[in-house]
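Only heavy atoms go into these numbers, but all of them, side chains included; no hydrogens, no water, no symmetry mates.
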Amino acid sequence: MPARTALIYSNDFDRFSYGDDHPFKIQRFILAFELMRAYGLMELPNVKILDCPRAAEEALLTFHAPDYLDRLREFSESDDARADFRYGLGDLDNPVFRGLYDWARLGAGGTIEAARLVAEEGYDIAFNLAGGWHHAHRAKASGFSYLNDAVVAINLLLEKGLRVAYLDIDAHHGDGVQEAFYDTDRVLTISIHESGMYFFPGTGFEGETGTGAGTGYSVNIPLVAHADDALFMKAFDEVAFPLLAAYNPDVLVTQLGADTFRTDPLTRLEVTTHSYTYILRKLKALGIPWVAVGGGGYNLVNVARAWTLAWGVMNGVELPPRLPDSFVSIIGRLGYPNRMLLDAMHWAQEDDRNQALDAVERSIAVIRKTIFPVIIGSYGETSGE
């Protein structure tokens, strides 16, 4: 039976802008939606397209500090240039603009709604394109993120007595989500990302494994520059997938950033649609109720292709490898020459790849020693003799 799925989207997205010179472009959500529509993915019989509701402040307060929300609201209501670096507001990464709080509540509300649909209404999968703000902290904006939608949505799931696994495949470490659940065993957080050694946010190393009851429930696989498709799949297959299967959560929450792609302007990984789609198919095969959110990605067409592929996988649809002519026409006017939905599997240059392979094998060895006994030892045991 086809999965019952929901896509969360809003026609209000284009009301907001981080600024012409900012690398984050809200237009990417519109392009992703247009590509899904061009492939006919909106008319499938088990699909619902639902509007993003604004997050209620009561939900936001399950993670965020009241004084931080007050400052977001205050700054959101003015056109004046404002900054408050104590809260991470007004710098180059996290600009202040009219409607800022409304924009942030829109993304957070979509993820809360996705979690509600899965937990309360029996949806198999719900995907909020405008989610994935994994850098936001309790009282500080960071990395283009003002409200941490995943944390707030996971808190909703925890209130219902559910155990959650959070997988983050964005090029940047999901530091805000890890921080929120660092001391609990009710959320397993796994992040596969470019190493923080010389890369924002400077966290996400193998030794960050949790504290107290959460020891062993924070998992990080830092990849060095030039890690390619094969190494991305290796990290997933040898660490993330067995841990997810052993933990067997009630709900899977995934952040599906597309800034791992080799043509992304801000990152140095060398991933393509090949490994990205491979991971999505294996997640779907787990059969766990699934809340998916967007994330990073600063080449607009990469984002549109990645999230369209994700939506296709979620709905069991194999998409033609060439982009539809109508979409090619749209992106052509924006200066993008892309013609293909799918990329061939990519291998990095030999010297770069060997260094990246050595690094990921070292990480896997550490995780097998520190994390596997906790997760697989606890949840992977069979009963009986």
Side-chain angles (χ1 to χ4, degrees), residues 8-30 51-116 128-156 159 170 172 174-181 200-203 255 257 293-296 298:
I8 315 294
Y9 183 77
S10 175
N11 290 322
D12 285 345
F13 289 157
D14 62 1
R15 290 179 44 220
F16 306 97
S17 173
Y18 280 55
D20 293 342
D21 297 327
H22 197 283
F24 176 78
K25 306 297 184 189
I26 291 170
Q27 188 179 24
R28 66 198 190 134
F29 301 122
I30 300 167
D51 195 35
C52 270
R54 270 64 170 176
E57 197 151 293
E58 179 182 6
L60 299 178
L61 287 169
T62 66
F63 178 58
H64 290 291
D67 56 328
Y68 174 61
L69 298 184
D70 288 343
R71 188 52 56 94
L72 280 176
R73 186 186 305 104
E74 176 193 346
F75 281 12
S76 183
E77 294 171 353
S78 173
D79 289 316
D80 297 337
R82 306 286 293 276
D84 189 333
F85 298 135
R86 177 180 51 156
Y87 295 114
L89 297 171
D91 61 12
L92 292 176
D93 278 359
N94 309 296
V96 172
F97 51 89
R98 178 173 283 278
L100 163 64
Y101 190 44
D102 196 34
W103 158 251
R105 287 175 58 228
L106 195 62
T111 305
I112 294 168
E113 177 67 2
R116 191 192 67 79
N128 175 30
L129 293 180
W133 305 104
H134 58 174
H135 297 307
H137 300 283
R138 181 174 182 272
K140 190 171 186 179
S142 177
F144 315 162
S145 306
Y146 302 93
L147 297 174
N148 201 312
D149 59 297
V151 170
V152 174
I154 290 170
N155 283 339
L156 170 70
E159 287 173 6
D170 192 286
H172 300 83
D175 58 330
V177 183
Q178 173 180 288
E179 174 188 286
F181 303 113
F200 182 86
T203 56
Q255 201 266 24
V293 297
Y298 307 98

### Task
State whether the side chain of Asp91 and the backbone N or O of Asp93 hold a donor-acceptor pair below 3.5 Å, judged by distance alone.
yes
### Query
For Ser76, does its backbone N or O pair with a side-chain atom of Arg98 as donor and acceptor, under 3.5 Å?
no
### Task
Taking the side chain as every heavy atom from C-beta outward, state whether Asp102 and Asp12 have any atom pair closer than 4.5 Å.
no
### Heavy-atom closest contact (Arg73 atom, Asp70 atom, distance)
NH1-OD1, 3.0 Å
### Task
Name all pairs fulfilling the salt bridge (charged side-chain N to carboxylate O under 4.0 Å, His left out) condition that reach into residues 128-156, sequence neighbours left out, sorted by first residue then second.
none
### Task
Kindly state whether the ring of Tyr298 and the ring of Phe144 have centres lying under 6.0 angstrom apart.
yes
### Message
Within the 4.5 Å heavy-atom criterion, are Phe97 and Trp103 side-chain neighbours or not?
### Response
yes
### Message
Could you check whether any side-chain N or O of Asp175 sits under 3.5 Å from a backbone N or O of Thr203, counting only pairs where one atom can act as donor and the other as acceptor?
### Response
no
### Task
Provide the closest heavy-atom pair for Leu156 versus Ala115 in the form atom of the first, atom of the second, distance.
CD2-CB, 4.1 Å
### Message
Suppose we screen for side-chain contact (heavy atoms from CB on, under 4.5 Å). Which residues come up paired with Ser142, at least two apart in sequence or across chains?
### Response
His135, His137, Phe200
### Query
For the residue pair Tyr68 and His64, does the interplanar ring angle fall in the parallel (under 30°), tilted (30 to 60°) or perpendicular (over 60°) class?
tilted
### Query
Is Val151 close to Phe181 at the side-chain level, that is, under 4.5 Å between some pair of heavy atoms?
yes
### Message
Let me confirm one number: the CG-CZ distance from Asn94 to Phe75, rounded to the nearest 0.5 Å.
### Response
12.5 Å
### Query
If you measure from CD1 on Ile112 to CZ on Arg54, what distance do you get to the nearest 0.5 Å?
13.0 Å
## Note on the structure
So CZ of Phe63 and CG of Asn155: to nearest 0.5 Å the spacing works out to 8.0 Å
### Task
Could you tell me how the ring of Tyr146 sits relative to the ring of Tyr18: parallel (under 30°), tilted (30 to 60°) or perpendicular (over 60°)?
tilted
### Task
Using a strict 4.0 Å threshold on nitrogen-to-oxygen distance, state whether Arg86 and Asp67 make a salt bridge.
no
### Task
May I ask you to test the Thr111-Trp133 pair for a side-chain heavy-atom distance under 4.5 Å?
no
#### Entry: Shortest non-hydrogen contact between Ala130 and Phe13, atoms and distance
CB-CZ, 3.4 Å
### Query
Quick one: OH on Tyr101 to CG on Leu106, what's the gap to the nearest 0.5 Å?
13.0 Å
### Query
So, do Cys52 and Asn128 sit near enough that their side-chain heavy atoms are less than 4.5 Å apart?
yes
### Query
Considering only heavy atoms from C-beta outward, does the side chain of Gln255 approach that of Val177 to under 4.5 Å?
no
### Message
Return the NE2 to CD distance between His134 and Gln178, rounded to the nearest 0.5 Å.
### Response
12.0 Å
#### Entry: Any Leu69 side-chain heavy atom under 4.5 Å of Leu60 side chain
yes
